[in-house]
Amino acid sequence: FSSSTPRALPICGVDEENSFALVLGANPVESVEVELGYVTQDNDSGTCTSIADLSTCGMGNHLNLNATVTQEVAGLGLTGAVEIQMPDEIVDQAYMLMANATVGDTGFGGTLRLEEVSFDVAGVDDLERTTLAGTYEAQDNLFFLLEWSNTDNGTEDFDLVTFEVVGLF
């Protein structure tokens, strides 16, 4: 090859690899959605042993299952969701549970979300996060969000409060 021959550049020091993704979705009943996904990812750099290895070897093959249930009850729009992720490397498993409610046509809503990530490497504690959020839809294109979250990473426990104004144009 000459120096002018084009070739694919490595990503994070690893030559380009092919992956395969398969996603199956179903609506077993009107208000329920379920999705199962699987993605392959070659790992040519050996066993991942730390969080720092994510940039060179990735999380390997990845299985994901998520489900959503939506109901209208006594003027409340209720949504529940669950997501479970199971990669081969670095992360043992991760899950998210969410409950959301909207109050009729008032524009007000609220969300509770619980998340946990269990790591599969030495010296890294599990990560747990609890989030509460309140929303207000002032117009079809203007939203306000006030959110509090508590994160515990095994060594620190900290809170974060955010306020967002979202305008859609």
Side-chain angles (χ1 to χ4, degrees), residues 11-12 19-41 51-55 58-121 124-169:
I11 299 172
C12 295
S19 288
F20 174 75
L22 175 67
V23 178
L24 302 172
N27 293 81
V29 294
E30 184 178 329
S31 61
V32 177
E33 297 178 25
V34 179
E35 189 175 82
L36 177 66
Y38 186 76
V39 176
T40 64
Q41 180 183 22
I51 294 296
D53 291 340
L54 270 177
S55 65
M59 293 195 305
N61 300 334
H62 196 106
L63 180 67
N64 180 289
L65 172 67
N66 61 70
T68 304
V69 178
T70 305
Q71 288 288 321
E72 186 79 26
V73 178
L76 294 175
L78 304 175
T79 301
V82 61
E83 181 171 21
I84 302 168
Q85 298 183 39
M86 293 171 277
D88 286 346
E89 301 281 342
I90 303 289
V91 173
D92 182 34
Q93 65 185 2
Y95 76 84
M96 183 272 307
L97 300 171
M98 184 200 71
N100 179 278
T102 56
V103 184
D105 293 331
T106 65
F108 288 99
T111 299
L112 169 64
R113 189 173 59 243
L114 306 172
E115 301 165 276
E116 182 173 317
V117 179
S118 298
F119 291 97
D120 196 20
V121 292
V124 179
D125 292 323
D126 293 350
L127 177 84
E128 296 176 0
R129 178 175 291 143
T130 302
T131 303
L132 287 171
T135 59
Y136 177 65
E137 182 180 353
Q139 303 278 328
D140 287 342
N141 61 349
L142 182 61
F143 302 87
F144 297 92
L145 170 76
L146 179 61
E147 180 178 281
W148 164 83
S149 66
N150 173 268
T151 302
D152 181 357
N153 63 12
T155 56
E156 295 181 277
D157 188 333
F158 55 92
D159 295 325
L160 177 66
V161 176
T162 58
F163 177 72
E164 297 178 25
V165 178
V166 179
L168 304 174
F169 300 97

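Scope of the values below: all heavy atoms of this structure, side chains included, with no hydrogens, waters or symmetry mates.
Sorted by first and then second residue, the ring pair (Phe, Tyr, Trp, His ring centres under 6.0 Å) pairs with a member in residues 70-97 form an empty list; sequence neighbours excluded. For residues 70-90, there are no ring pair (Phe, Tyr, Trp, His ring centres under 6.0 Å) pairs, not counting sequence neighbours.
By the side-chain hydrogen bond (donor to acceptor under 3.5 Å, both in side chains) test, T155 is found to be paired with N153, residues two or more places apart in sequence or in another chain being considered. With sequence neighbours left out, the side-chain contact (heavy atoms from CB on, under 4.5 Å) criterion links D126 to E116, S118. The side-chain hydrogen bond (donor to acceptor under 3.5 Å, both in side chains) test applied to D125 returns no partner, not counting sequence neighbours. With sequence neighbours left out, the ring pair (Phe, Tyr, Trp, His ring centres under 6.0 Å) criterion links F108 to Y136. Considering only residues two or more places apart in sequence or on other chains, Q93 meets the side-chain hydrogen bond (donor to acceptor under 3.5 Å, both in side chains) condition with none of them. The side-chain hydrogen bond (donor to acceptor under 3.5 Å, both in side chains) search around T111 returns N100, not counting sequence neighbours.
For T68 against A81, the heavy-atom pair with the smallest separation is OG1-CB, 4.2 Å.
Two residues are said to be in side-chain contact when any heavy atoms from C-beta on lie closer than 4.5 Å; T130 and L112 meet this criterion. Residues L63 and N61 form no side-chain contact, since every pair of their non-hydrogen atoms from C-beta on lies 4.5 Å or further apart.
Here I84 contributes atom CD1 and N66 contributes atom CG; the two are 9.5 Å apart, rounded to the nearest 0.5 Å. One finds the CD atom of Q85 at 4.0 Å from the NE2 atom of H62 (value rounded to the nearest 0.5 Å). Distance CE/M98 to CG/L114: 11.0 Å, rounded to 0.5 Å.
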Less than 3.5 Å apart, which donor and acceptor atoms pair up between the side chains of residues 25-34 and the rest of the protein, not counting sequence neighbours?
{"residue": "N27", "atom": "ND2", "partner": "V32", "partner atom": "O", "Å": "3.4"}
{"residue": "S31", "atom": "OG", "partner": "Q71", "partner atom": "NE2", "Å": "2.8"}

Which donor-acceptor pairs under 3.5 Å do side chains of residues 137-151 form with protein atoms, sequence neighbours excluded?
{"residue": "N150", "atom": "ND2", "partner": "D157", "partner atom": "OD1", "Å": "2.7"}
{"residue": "N150", "atom": "ND2", "partner": "D159", "partner atom": "OD1", "Å": "2.7"}
{"residue": "T151", "atom": "OG1", "partner": "R129", "partner atom": "NE", "Å": "2.9"}
{"residue": "T151", "atom": "OG1", "partner": "R129", "partner atom": "NH2", "Å": "3.4"}

